[in-house]
Amino acid sequence: MLKIGCHLSSSKGFLAMGKEALSINANTFQFFTRNPRGGAAKELDLDDVKKYIEFAKTNNFTNIVAHAPYTMNPCAKDESIRTFTKTMFQDDINRLEHIPQSYYNFHPGSHVMQGVEVGIKYIVKLLNDTLFKDMQTTVLLETMSGKGSEVGRNFEELKTIIDGTILNEKLGVCLDTCHVNDAGYDIVNNLEGVLEEFDKIIGLNKLKAIHLNDTMNPFASHKDRHQKIGEGHIGLEAITKIINNKYLKELPFILETPNDLDGYKQEIKILRENFLN
Ligand code: FE
Ligand code: FE
Ligand code: ZN
């Protein structure tokens, strides 16, 4: 069974997101832990969480993905931004600990003129300050397209972050198909080769989730604009190979394509039809 879902608005709570996902034939979903451009998170409704967990069990949902807000920059030059990031990061993880086996996906950040080494040092510090021994949540580093000074534009940078993190058994990677294409990994013509490279550098056991997006930009453009499935430079044929790849087919796939709920429903339908087992 294909594990697939899309990004949903979290404003109505977990049970509502679960029901919305089910209504479009999804069995997972992603949501922002708080307003992507703002700060404060809503108080966690434990009754809602409890109902969601029941619902997820009944409907065979797989791991859900919480996405950290974009305001977070773990490798900002300004210390107050790094401190603010750490506070949000800890608070988000504490909430997610109430939901079994969830993933917390974040963008490693932008080093803005400090250089990638300094950026990575700050990201590693954040992880070493916040991960704790018996946490249930797995923290995912997202592969980035390399626009501006983004860290995580290649597998080597992610590997360096993982290696620097003491509790790195709590870490994984979320591969965004739009981002890696734009970063210069040829998943259209050489998916096997890209995955071999991932395995050699990071290890495929670290790959925990896929952001399944088409892209508006050509290969290696170092941009980041998602397109609807089959309407961009990746195309439905390559995306079909991705969901059926022997190393990927068991992972949760999250759509972050420019769609309303009905558009996501259509994409999920097509992808389920193209999934071979
Ligand atoms: Fe993202
Ligand atoms: Fe993404
Ligand atoms: Zn993106």
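When reading the values below, keep in mind they use all heavy atoms of this one structure, side chains included, and skip hydrogens, waters and symmetry mates. Both counts, for ligands and for their atoms, begin at 1 and track the order of listing. Source: prediction; values computed, not measured.
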Checklist outcome for this item: Output field for angle at the Fe ion (ligand 2), H211.ND1 vs E142.OE2, rounded to 10°, should show 90°

Item to check | Aromatic plane relationship, F61 with Y52 - under 30° parallel, 30 to 60° tilted, over 60° perpendicular | outcome: perpendicular

Next on the checklist: H98 and side-chain contact (heavy atoms from CB on, under 4.5 Å): which single residue from I53, T137, V49 fits?
Outcome noted: V49

Checklist entry - Quick check: are there more than 12 heavy atoms from other residues, nucleotides or ligands sitting under 6.0 Å from CZ of F132? => result yes

Checklist entry - To the nearest 10 degrees, how large is the angle at the Fe ion (ligand 2) between E256 OE1 and D176 OD2? => result 90°

Item to check | 2.8 Å cut-off met by an N, O or S atom of D224 to the Zn ion (ligand 3) | outcome: yes

Checklist entry - Once rounded to 10 degrees, what value does the angle at the Zn ion (ligand 3) take between NE2 (H226) and NE2 (H179)? => result 110°

Checklist entry - Any N/O/S atom, backbone or side chain, of H211 lying under 2.8 Å from the Zn ion (ligand 3)? => result no

Next on the checklist: Classify the ring geometry of H107 against Y70: parallel below 30°, tilted from 30° to 60°, perpendicular beyond 60°.
Outcome noted: tilted

Checklist entry - Taking 2.8 Å as the cut-off, does an N/O/S atom of C174 lie below it from the Fe ion (ligand 1)? => result no

Checklist entry - If every non-hydrogen atom of A76 is compared with every non-hydrogen atom of I81, which pair is closest and at what distance? => result CB-CG2, 3.6 Å

Checklist entry - Any chance CD of E273 has more than 12 other-residue heavy atoms, nucleotides or ligands included, within less than 6.0 Å? => result yes

Next on the checklist: Taking 2.8 Å as the cut-off, does C178 contribute an N, O or S atom near the Zn ion (ligand 3), distance below it?
Outcome noted: no

